[in-house]
Amino acid sequence: THTFNIMINVLCKEGKFKKAMEFVGVMEISGFKPNVVTYNTIINGYCSKGKIENARRIFGEMKVRGIYPDSYTYGSIINGLCKEGRLDEGVEFLDKMVENGLVPTAVNFNALIDGFCNKGDLEKAFGYRDEMVKRGVAPTLSTYNVLIHSLFMEGKDGTADSLIKEMEGKGMKKDDVTYNILINGYCQSGNVKKAFELLDEMLVEGIQPTRVTYTSLIYVLSKSRRMKEAADLFEKVTRNGVTPDLVMFNALINGHCVNGNMEQALSVLKEMGRRKVRPDEVTYNTLMQGLCRDGKVEEARRLLDEMKEKGISPD
RNA sequence: CUGCUCGUUU
């Protein structure tokens, strides 16, 4: 069953729900019963693709089959609803899980808090932070990261700082996500110096920068017209064992485009091919926009055809 | 074996 669940998870993450359901059939025929994890995997797959109604259908189905939803099941649905901005429904589900005898976990609260943060309702976000504490659920590092993220993006650095102090007072240390939030915040406001200072601090603290970190740094360097440094950074980290992903490539391509170097941008596209990273609509949008701005409308047309050939839908 | 927080184009 574990092995089937792992395969079903892969299919769901790729959005291949038909195949995933076929697999459930195969596992039953082979004598393995789908368990709560199997259902949770499918429900989460649907939720993370924004197909909440499908998730709710499976949610009903599992109950009929005598499998009881747990905090993961509810968590996936709450998160899916919150991501869609359907916060009151998210809150309803949290209440519903309590009615069904489950105790909401920090993860469940964090999903709601993040939802309210993304709505810009910090009042309610902090309200649920207080609520979780009241119910005896301790805020986690993710809780802090969620709150720090929205405070920092809103420019409320002081409040963000005091939250960091509070968190450290509880014995939690800034992790890679915390640093990425701070670094990216400075990158978005074009503060190269602060961003790199935090990178240094991160290294001193023994925290490994991630692709996310490098993407933010490449972004700020290219916006600051320091494309050479951006490209050098990319080259250096990939040489040192970081496998660039789609987003990192897209940031680099965008940098070349913004800095008017379409030849380099296109050669990065080729490098993606060599490294077996599939370009997506962001890649093509970026390149086509760059080419058009450069007056190379014909080349842009060619790329549009190429993306259609690859089955990527243009917008 | 499954759920929460950070990065790229418009």
Side-chain angles (χ1 to χ4, degrees), chain A residues 1-10 12-13 27 32 34-48 55 69-80 82-83 90 93 97 104-115 117-118 125 128 132 139-150 152-153 174-185 187-188 195 209-220 222-223 230 244-255 257-258 265 268 279-290 292-293 314-315:
Chain A
T1 300
H2 288 195
T3 314
F4 279 105
N5 286 345
I6 293 168
M7 293 189 285
I8 289 166
N9 192 24
V10 171
C12 287
K13 292 259 146 77
M27 83 189 271
F32 297 96
N35 59 14
V36 66
V37 174
T38 317
Y39 283 100
N40 287 347
T41 303
I42 296 165
I43 287 172
N44 184 55
Y46 276 128
C47 287
S48 49
D70 62 8
S71 69
Y72 281 74
T73 325
Y74 281 96
S76 293
I77 295 177
I78 291 171
N79 192 38
C82 290
K83 287 262 149 42
F93 260 85
M97 72 186 285
T105 64
V107 171
N108 299 134
F109 282 105
N110 291 344
L112 273 180
I113 293 170
D114 185 48
C117 282
N118 290 328
Y128 276 96
M132 74 192 280
T140 61
L141 188 47
S142 292
T143 316
Y144 283 102
N145 285 340
V146 169
L147 294 167
I148 291 164
H149 180 227
S150 70
F152 205 61
M153 284 305 180
K174 299 204 271 302
D175 69 352
D176 53 345
V177 175
T178 321
Y179 277 106
N180 288 342
I181 288 166
L182 300 174
I183 289 172
N184 187 52
C187 290
Q188 294 300 327
T210 64
R211 292 177 183 86
V212 176
T213 323
Y214 297 125
T215 303
S216 296
L217 295 171
I218 288 165
Y219 172 87
V220 74
S222 24
K223 293 287 177 206
D245 66 1
L246 175 62
V247 178
M248 217 172 132
F249 272 117
N250 285 345
L252 182 67
I253 287 175
N254 182 55
C257 289
V258 162
V268 174
D280 68 352
E281 59 283 349
V282 175
T283 319
Y284 284 105
N285 284 345
T286 307
L287 284 165
M288 289 173 45
Q289 190 185 304
C292 289
R293 204 170 17 200
D315 54 4

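By convention in this document, chain letters (A, B, ...) are assigned in the order of the sequence lines, proteins followed by strands, and residues within each chain are numbered from 1.
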Using only heavy-atom distances, determine whether the side chains of A:Asn108 and A:Thr105 contain a donor-acceptor pair under 3.5 Å.
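Yes.
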My understanding is that only residues two or more places apart in sequence, or in another chain, count here; which of them pass side chain to side chain donor-acceptor pair (under 3.5 Å) with [X]?
X: A:Gln289; answer: none
X: A:Asn250; answer: A:Asp280, A:Thr283
X: A:Lys223; answer: none
X: A:Asn35; answer: A:Asn5, A:Thr38

Scan A:Asp280 against the nucleic acid and name what it touches under 4.0 Å (heavy atoms): base, sugar-phosphate only, or nothing.
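No contact.
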Would you classify A:Met288 as touching base, sugar-phosphate or nothing, given that sugar-phosphate means primed atoms plus P, OP1 and OP2, and contacts are heavy atoms under 4.0 Å?
nothing
Rounded distance (Å) that lies between atom [atom2] of [N] and atom [atom1] of [X]:
X: A:Asn250; N: B:U9; atom1: CG; atom2: C1'; answer: 7 Å
X: A:Leu287; N: B:U8; atom1: CG; atom2: P; answer: 17 Å
X: A:Gln289; N: B:U9; atom1: CD; atom2: P; answer: 10 Å

A:Lys174: partners by salt bridge (Lys or Arg N to Asp or Glu O under 4.0 Å), with sequence neighbours left out:
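A:Glu168, A:Glu201.
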When every nucleotide of nucleotides 1-6 of chain B is labelled 5' to 3' by its protein contacts under 4.0 Å (heavy atoms), B for base, S for sugar-phosphate only, - for none, what sequence of letters results?
BBBBBB
